[in-house]
Amino acid sequence: MSEEKSLNFIEEIISQDLASGKYASILTRFPPEPNGYLHIGHAKSICLNFGLAKHFGGKTNLRFDDTNPAKEEIEYVDSIKEDVKWLGFEWAKECYASDYFDQLYAYAVQLIEKGLAYVDDSTAEEIAQQKGTPTVPGTGNDFRNRSIAENLALFADMKAGKFADGEKVLRAKIDLASPNMHMRDPLLYRIKRSHHHRTGDKWCIYPMYDFAHGQSDSIENITHSICTLEFIPHRALYDWCIEQLAIYPSHQYEFARLNMTYTVMSKRKLLQLVEEGHVESWDDPRMPTISGMRRRGYTAHSIRDFCDRIGIAKRENIIDLSLLEFCVREDLNKIAQRRMVVTNPIKLVITNYDKGEEVLHSENNPEDPNGGTRELPFSNELWIEREDFMEEPTKKYFRLGPGLSVRLKSAYIVTCESFEKDAAGNITKVFASYHPDSKSGQDTSGIPVKGTLHWVSAKHAIPVLLNEYDRLFSVEDLSSTEGDFKNYINPNSLNKVEAYAEPALANDSLDARFQFLRKGYFYQDTKSTKEQLVFNRTVTLKDTWAKEQKK
RNA sequence: UGCCUGAUUGUGUAACGGUAGCACGACUGUUUUUGGUGCAGUUUGUCUUGGUUCGAAUCCAGGUCAGGCAACCA
């Protein structure tokens, strides 16, 4: 990080901790629960945790917070590892909370021995009721006064599987009148017979988040444990456990999670979109998941840049989707191969072109002098965009119309002579003459043109399929809406179009980034084949003409 | 009605008692064989009321507003 850039509040804390000698080096961790795919909000956390370590010369662990086997799957573990790697980060250690189950159990026994935990036979409802409310203190029950010996025996029996699911829980004995609800004798362990993706059926009791997370941090010697704002009330409990157990004192810090316009950022909601078929899968290119964005054509670099630009603070935020789009356009503009693709074709006949065909050349990327060129076949019958012809052009229209001239990109200047319509009044063909002395790169015609059109030679064109994506939701701020969030799904978030592409595309590499001239940035879909090329639109180009027309 | 966070332009984010800056967006102009890119410029802000101070976005007090907290979820 450059010196002129100011530090965010967490970087300030770390700087001070390092300067004061509190730590010789730092260790952070990224701790997802493997119950879904990672999304752009996780990317913010990943960039923060790994970025901090990188900046301050420390390390970062990847830790799976797998304490609830009912929701977790190996598929999610695999996807999370893939996504973190793809984003460009390397973890020091791959850890699992489940690796610490034995240790965690021992910690719980210690607490019981200190008279700080007890087995409670109450039902979930009873416990909830006895907890009181934020304004009314909770009340205890007789189980709270069980002897240490009895608690020890009972907890061992819980572990041994002598009770049914939900029959008993282990609770910390703290303060039922605490103004912080999380300190009102929180649950530490519950009985849950569920196959765990790593420990199998070894355990029938599982630690709760609050009894697993801080201790896992401590076991790994995490110096700075960074999480989101909703965990602020948990911090007192985090510290309490560490203090009572007298173990390595990791510290928790909280920042505001990412929210973005026109999308949702919760695994629960994203899971719903997948399960109810509103999108195809977790990696549907409309999803704000890392895998969806990757499939859509976002680069890891652009996502990292985005995370860098949004900053880290404690206030709630909602980031404009336009910032993400800016980041990916900026990156892609520099690296994308330019190609020409016509989506809504109309035939352009060059009436005076009698050479049959010729091969022209066009630059792969005007931003990159070393990007080279590609071959571009030209002939007397071309496809151009329907919207590039207007029967009765308006004043600011720079494209084709009767009597108007335009440059065909990397080819010639043509002048429109006439056009044909079908019975329904639709334009079917446009006729134009070309100016032989206006060839791209050696133009001596002196004809002034304002517009340049992309085109494809009709007989050389290859058919491709384009997925044109738009925002997933039609309202900017989903958090301000009422009712089911799915009511606000944009019905036009995907527009599949057949298109004609220049032949060079058939031989391009699978993972190349493209800019289809005047249309947007595209990336080959995972389902694309040689027989049927499919491209996903990552993002459109900025379109000031479309904006002008709306006025 | 308890506790905990927070409040700087449309959206983010800086300024650490001393010029309210930066980015995105929006808007101009300019360049351009992409109505893209680039370049130049314009644009709107310290929640509120008091207090401390030579000086307050910053410190203090009250208020207002927003979010979070009472899952055998994380």
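Chain letters run A, B, ... following the sequence lines, proteins first and then strands; every chain starts at 1. The structure presented is a predicted model; accordingly, all values stated were derived computationally and were not measured.
- Side-chain proximity of A:Thr133 to the nucleotides B:A26, B:A70, B:C72 is greatest for B:A70.
- Aromatic rings of A:Phe64 and A:Tyr76 (six-membered ring for Trp) have centroids beyond the 6.0 Å cut-off, not under it.
- Of the two residues near RNA chain B, A:Tyr209 and A:Pro179, the one whose nearest nucleotide lies more 5' is A:Pro179.
- A side-chain donor-acceptor contact under 3.5 Å links A:Lys173 to the backbone of A:Arg144.
- Applying the side-chain contact (heavy atoms from CB on, under 4.5 Å) criterion to A:Asp201, with sequence neighbours excluded, gives A:His195.
- Both A:Lys168 and A:Ser438 sit near RNA chain B, but only A:Ser438 has its closest nucleotide nearer the 5' end.
- Below the 3.5 angstrom threshold, one finds a donor paired with an acceptor across the side chain of A:Ser440 and the base of B:U33.
- Using a 4.0 Å cut-off between a side-chain N of Lys or Arg and a carboxylate O of Asp or Glu, A:Asp388 and A:Arg518 qualify as a salt bridge.
- In this structure, A:Trp545 packs face-to-face on the six-membered ring of B:G35, meeting both the 5.5 Å centre cutoff and the 30° plane limit.
- In this structure, the nucleotide among B:C72, B:G12, B:U33 sitting nearest to the side chain of A:Ile127 is B:C72.
- Taking 3.5 Å as the limit, the base of B:U34 and the side chain of A:Gln515 contain a donor-acceptor pair of atoms between them.
- The stretch residues 358-368 of chain A touches RNA chain B through A:Pro366, A:Glu367, each having a heavy atom under 4.0 angstrom from the strand.
- Nucleic acid contact for A:Lys450: none, since no nucleic acid atom lies under 4.0 Å from a heavy atom of the residue.
- In RNA chain B, the stems built from three or more successive Watson-Crick or G-U pairs (distances below 3.5 Å) are B:2-7 with B:64-69, B:10-13 with B:21-24, B:25-30 with B:38-43, B:47-51 with B:59-63.
- In summary, A:Glu358 and A:Lys439 engage in a salt bridge, as defined by a charged side-chain N under 4.0 Å from a carboxylate O.
- Between A:Lys542 and B:U34, a side-chain N or O to OP1/OP2 separation shorter than 4.0 Å is absent.
- Rounded to whole Å, the C1' atom of B:A26 lies 41 Å from the corresponding atom of B:U52.
- Within 4.0 Å of A:Tyr397, counting heavy atoms only, lies at least one base atom of the nucleic acid.
- Using a 4.0 Å heavy-atom cutoff across all strands shown, A:Ile318 reaches sugar-phosphate atoms only and no base atom.
- Closest contact between the side chain of A:Ile232 and the listed nucleotides B:C4, B:U34, B:U13 involves B:C4.
- For B:C47 and B:A57, the C1' atoms lie 12 Å apart once the distance is rounded to whole Å.
- We find that A:Asp508 and A:Arg339 are joined by a salt bridge, their nearest charged nitrogen and carboxylate oxygen being less than 4.0 Å apart.
- Listed for the A:Arg146 side chain is a donor-acceptor partner under 3.5 Å among the backbone atoms of A:Val119.
- Side-chain N/O atoms of A:Ser122 and A:Asn141 include a donor and acceptor closer than 3.5 Å.
- The side-chain contact (heavy atoms from CB on, under 4.5 Å) check on A:Ser216 picks up A:Arg63, A:Ala97, A:Tyr100, with sequence neighbours excluded.
- Among the protein residues, A:Ile413 comes within range of no part of the nucleic acid, since none of its heavy atoms lies under 4.0 Å from any strand.
- Look at A:Glu363 and A:Arg374 and you find no salt bridge, because none of the NZ, NE, NH1 or NH2 atoms lies under 4.0 Å from a carboxylate O.
- Listed nucleotides: B:C72, B:A15, B:C69. Nearest to the side chain of A:Ser6: B:A15.
- A:Thr544 comes within 4.0 angstrom of sugar-phosphate atoms only, judged by non-hydrogen atoms across all strands, and of no base.
- B:U49 and B:U43: their P atoms are spaced 26 Å apart (whole Å).
- Rounded to a whole angstrom, the distance from the C1' atom of B:C4 to that of B:A70 is 14 Å.
- Partners of A:Tyr238 under the side chain to side chain donor-acceptor pair (under 3.5 Å) rule, at least two apart in sequence or in another chain, are A:Asp217.
- Residues of residues 322-336 of chain A having a heavy atom closer than 4.0 Å to RNA chain B, listed by number: A:Ser322, A:Leu323, A:Phe326, A:Asn333.
- Side-chain atoms of A:Arg315 lie closest to B:U8 of the nucleotides B:A74, B:U8, B:G25.
- Between the side chain of A:Arg518 and the base of B:U34, no donor-acceptor pair of N or O atoms lies under 3.5 Å.
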